Amino acid sequence: MLEINLLRSDRNRIVKALQKRNLPTEKLELVDQVVSKDDLRKSLQTELDQLLNQVNEASKEIGRMFKEGKQDRANELRNMVNETKQRSKQLEEEMKAVKEEIAQLLLDIPNIPHESVPPGSNPEDNEIYKDWTKPFPQLDENALPHWELAEKFNLFDLKLGVKLTGSGFPLYRGHGARLQRALINFFLDQAISAGYEEILPPLLVNEDTARATGQLPDKEGQMYMAERDNLYLIPTAEVPITNIVRGEIIEEAALPLRMAGYTPCFRREAGSYGADVKGLNRVHQFDKVEIVQISHPDRSYETLEEMLGHVSMLLDKLELPYRILRLCGGDLGFTSALTFDFEVYSAAQSKWLEVSSVSNFETYQSNRLMLRFRSQDRKPQLAHTLNGSALALARVVAALLENNQKEDEILMPEVLHNYTGFSSIRI
RNA sequence: GGUGAGGUGGGUGAGUGGCUGAAACCACCGGUUUGCUAAACCGGCGUACUCUGAAAGGGGUACCGCGGGUUCGAAUCCCGCCCUCACCGCCA
């Protein structure tokens with residue numbers, strides 16, 4: 001959520017920045033609606049506070065009267081207070097309603113794009129922030145896409161996944177399973193040496209948690225739910241990890257907080273069929289190591305750079321061709337101020353696959369989370385939150401398999417040898 | 001799942017209807033003292049909203065797990081929920 005005070009004090013800049021997202025004009029009008037609703041809220045607040053003050057004062061007086069034995073005067077006051085209370089009850093209800101309306105409106109206003117976000121409405125307008133300049137892997141004419149390699153080398157089985165669960169739930173086996181485990185460990189080790197604290201969070205979260213990071217109410221349909229217990233399967237480790245600091249006030253000296261965690265991720269992802277969802281390109285369950293930072297507002301863009309560096313380093317070590325995109329206004333996530341996507345080139349499909357998304361949410365998340373830090377002048381202030389995938393496994397695996405295939409084996413990048421226990425996959 | 005006890009500020013913990021936004025102690029911050037450190041002493045020390053003020057500040061309201069209720073008045077009484085601990089049951 002955006003802060004109302006910001007909408008109030010910097011209205012024109014915000015509306016202008018929001019235009020980059022290609023919002024329909026009625027969305028832009030929400031800004032003014034929120035502010036005027038909030039004006040109403042303020043005046044109700046003032047009036048209500050005054051009434052309650054009257055009640056409090058009178059109640060004290062009644063106590064005194066009783067002590068002094070002035071029953072009549074006390075009863076008089078009692079009647080007066082009862083009247084005042086009726087009015088204050090009304091006001092309270094009005095207040096509650098107005099507050100809910102404001103909250104609802106705020107939920108519909110996306111984050112303000114960073115000034116560097118390019119205008120544009122669809123993925124073609126994303127800016128190539130860093131392109132791949134070296135040659136792509138040269139494959140044989142009869143090179144196979146990863147889902148065929150999987151069959152040939154017995155690495156994962158989508159049909160078995162269907163048998164056990166349903167489509168989009170891959171079952172990895174043999175070298176395929178070991179490669180998953182190797183990548184997870186590799187990514188975690190890299191995060192730890194970059195100073196992240198390793199977190200192994202719960203995979204199911206309650207409603208409060210899902211709400212605080214914005215999965216509810218907007219993306220309710222994207223999550224699997226355990227209805228009997230009112231719990232949600234996490235779509236990303238971002239949800240439990242960011243919620244660790246929900247409602248906290250952190251000492252400034254402790255910033256930045258660096259946390260990283262491996263979890264499976266569950267996504268319902270209704271819709272969309274065809275080539276884009278073949279093999280491991282898009283699945284309902286996949287593994288991911290997520291990195292999260294809680295940063296000082298003055299330094300959050302340095303933090304973002306640092307995280308980009310971390311993800312680049314991982315891909316360099318895996319020897320995968322990749323490019324970095326700066327998302328345009330139209331493609332930018334609802335809650336993000338600036339997002340960079342990492343795409344890996346999967347040579348047999350001749351396709352760029354998104355393997356990481358690194359974002360700075362500025363105070364948009366922390367405002368909802370009530371996540372603050374104590375600044376030098378002792379005043380609590382909203383912190384900035386950032387996160388990124390480092391990395392999502394399924395598509396990395398797709399690219400590794402496709403790019404490194406030889407006639408009767410698939411070579412593993414050197415950095416993984418100690419993790420996999422093998423340097424190539426053979427039949 | 002059953003029974004019992006309990007959830008108070010950063011921590012320990014007092015508080016069973018008005019004088020309690022909350023004692024005391026610890027931690028923390030500022031000061032005095034001191035060659036330095038420590039001790040001692042003095043002072044400060046929650047959050048949100050709101051009004052007022054140029055600001056410093058001052059006033060008000062709410063918050064003692066969460067939500068409702070009783071009452072002129074609730075941390076304190078009543079109801080529902082959540083959670084923690086102990087014992088029993090079950091269990092990787």
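Note that this is a predicted model, so its numbers are computed, not measured. Chain letters run A, B, ... following the sequence lines, proteins first, then strands; residues in each count from 1.
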* To do: Specify the separation, in whole Å, of atom NZ of A/Lys89 and atom C1' of B/rU61.
  => 16 Å

* To do: Kindly give the heavy-atom pair with the smallest separation between A/Arg395 and A/Val355, and that separation in Å.
  => CB-CG1, 3.8 Å

* To do: Specify the separation, in whole Å, of atom CE of A/Met95 and atom C1' of B/rA62.
  => 10 Å

* Nearest-angstrom distance, C1' atom, B/rC78 to B/rU71 -> 12 Å

* salt bridge (charged side-chain N to carboxylate O under 4.0 Å, His left out) between A/Arg374 and A/Glu248, worked out -> CA-CA 10 Å; A/Arg374 202 177 288 285; A/Glu248 295 292 314; over 6 Å; no

* Using purine N1 to pyrimidine N3 plus N6-O4 or O6-N4 for Watson-Crick, or N1-O2 and O6-N3 for G-U wobble, each under 3.5 Å, what pairs with B/rG35? -> none

* Looking at every strand, decide which applies to A/Leu77 at a 4.0 Å heavy-atom threshold: base, sugar-phosphate, or nothing. => nothing

* To do: May I have the distance from A/Leu371 (atom CG) to B/rA48 (atom P), rounded to whole angstrom?
  => 13 Å

* **Inter-nucleotide C1' distance (B/rU16, B/rC64), Å rounded** => 14 Å

* Structure fact -> Assert: residue with more 5' nearest nucleotide on RNA chain B, out of A/Thr46 and A/Lys67, is A/Lys67

* Looking at side-chain heavy atoms only, is the closest gap between A/Leu155 and A/Tyr172 below 4.5 Å? -> no

* Structure fact -> With the side chain defined as heavy atoms from C-beta on, A/Ser59 is closest, among B/rU47, B/rU61, B/rG18, to B/rG18

* Structure fact -> Comparing A/Gln54 with A/Arg41, nearest RNA chain B nucleotide closer to 5' gives the residue A/Arg41

* Give none if B/rA54 has no partner; otherwise give the nucleotide forming a Watson-Crick or G-U wobble pair with it, both distances under 3.5 Å. => none

* Select one nucleotide: of B/rG46, B/rU50, B/rU71, the one nearest the side-chain heavy atoms of A/Arg374. => B/rG46

* Euclidean distance, atom NZ of residue A/Lys99 to atom P of B/rA62 [Å, nearest integer] -> 12 Å

* **Length of the NZ-C1' vector between A/Lys60 and B/rG21, whole Å** => 12 Å

* What integer number of Å spans the C1' atoms of B/rG13 and B/rC19? -> 22 Å

* Counting Watson-Crick and G-U wobble pairs only, both distances under 3.5 Å, name the nucleotide matched with B/rG9, or none. => none

* To do: Side chain of A/Lys42 only, please: which of B/rU50, B/rG68, B/rU47 is the nearest?
  => B/rU50

* Asked: What pair of heavy atoms forms the shortest contact from A/Val415 to A/Phe186, and how long is it?
  -> CG2-CE1, 3.5 Å

* Determine the interatomic distance between P on B/rG18 and the same-named atom on B/rC25; round to the nearest Å. => 24 Å

* To do: Remember a base hit wins even if backbone is also touched, and classify A/Asn79 as base, sugar-phosphate or nothing at under 4.0 Å, heavy atoms.
  => nothing

* What is the distance from CD of A/Glu68 to P of B/rC19, rounded to the nearest Å? -> 16 Å

* Quick one: which of B/rA62, B/rC72, B/rC51 gets closest to the side chain of A/Asn56? -> B/rA62

* To do: Kindly indicate whether the side chain of A/Asn53 and the base of B/rG60 share any N or O donor-acceptor pair separated by less than 3.5 Å?
  => no

* To do: Using only side-chain N and O atoms of A/Arg78, determine if any of them is under 4.0 Å from OP1 or OP2 of B/rG73.
  => no

* Verify the ring-centre separation between A/Phe422 and A/His417: is it less than 6.0 angstrom? => no

* Counting only Watson-Crick or G-U wobble pairs whose two distances fall under 3.5 Å, which nucleotide matches B/rC87? -> B/rG2

* A/Arg41, A/Lys96, A/Lys37 screened by salt bridge (charged side-chain N to carboxylate O under 4.0 Å, His left out) with A/Glu101, the one that passes -> A/Lys37

* **Complementary nucleotide of B/rG17, counting Watson-Crick and G-U pairs under 3.5 Å** => none

* Take the protein atom CD1 of A/Ile250 and the nucleotide atom C1' of B/rG10, then report the distance between them rounded to whole Å. => 14 Å

* To do: Could you work out the separation of B/rG65 and B/rU8 based on their P atoms and round it to a whole Å?
  => 7 Å

* **Distance between C1' atoms of B/rC82 and B/rC66 (Å, rounded)** => 7 Å

* **Nearest-Å distance once atom C1' is located in both B/rU76 and B/rG6** => 16 Å

* Asked: What class does the angle between the rings of A/Phe334 and A/Tyr364 fall in, given that below 30° is parallel, 30 to 60° is tilted and above 60° is perpendicular?
  -> perpendicular

* To do: Counting heavy atoms from C-beta on, name the nucleotide in B/rC51, B/rU61, B/rG18 closest to the side chain of A/Phe66.
  => B/rG18

* Can you tell me how far C1' in B/rA92 sits from the matching atom in B/rC87, rounded to whole Å? -> 22 Å

* Asked: Going by heavy atoms in the side chains, are A/Leu183 and A/Leu416 under 4.5 Å from each other?
  -> yes

* Given that both distances must come in under 3.5 Å, which nucleotide forms a Watson-Crick or G-U wobble pair with B/rU71? -> none

* Asked: For B/rC28, which nucleotide in any strand shown is its Watson-Crick or wobble partner with both distances under 3.5 Å?
  -> B/rG44

* Ignoring the backbone of A/Asp49, work out which of B/rG60, B/rU47, B/rU50 is nearest its side chain. => B/rG60

* Whole Å only: how far is the CG atom of A/Asn206 from the P atom of B/rC81? -> 18 Å

* To do: Tell me the partner of B/rC49, counting only Watson-Crick (N1-N3 plus N6-O4 or O6-N4) or G-U wobble (N1-O2 and O6-N3) with both under 3.5 Å; none if nothing fits.
  => B/rG60

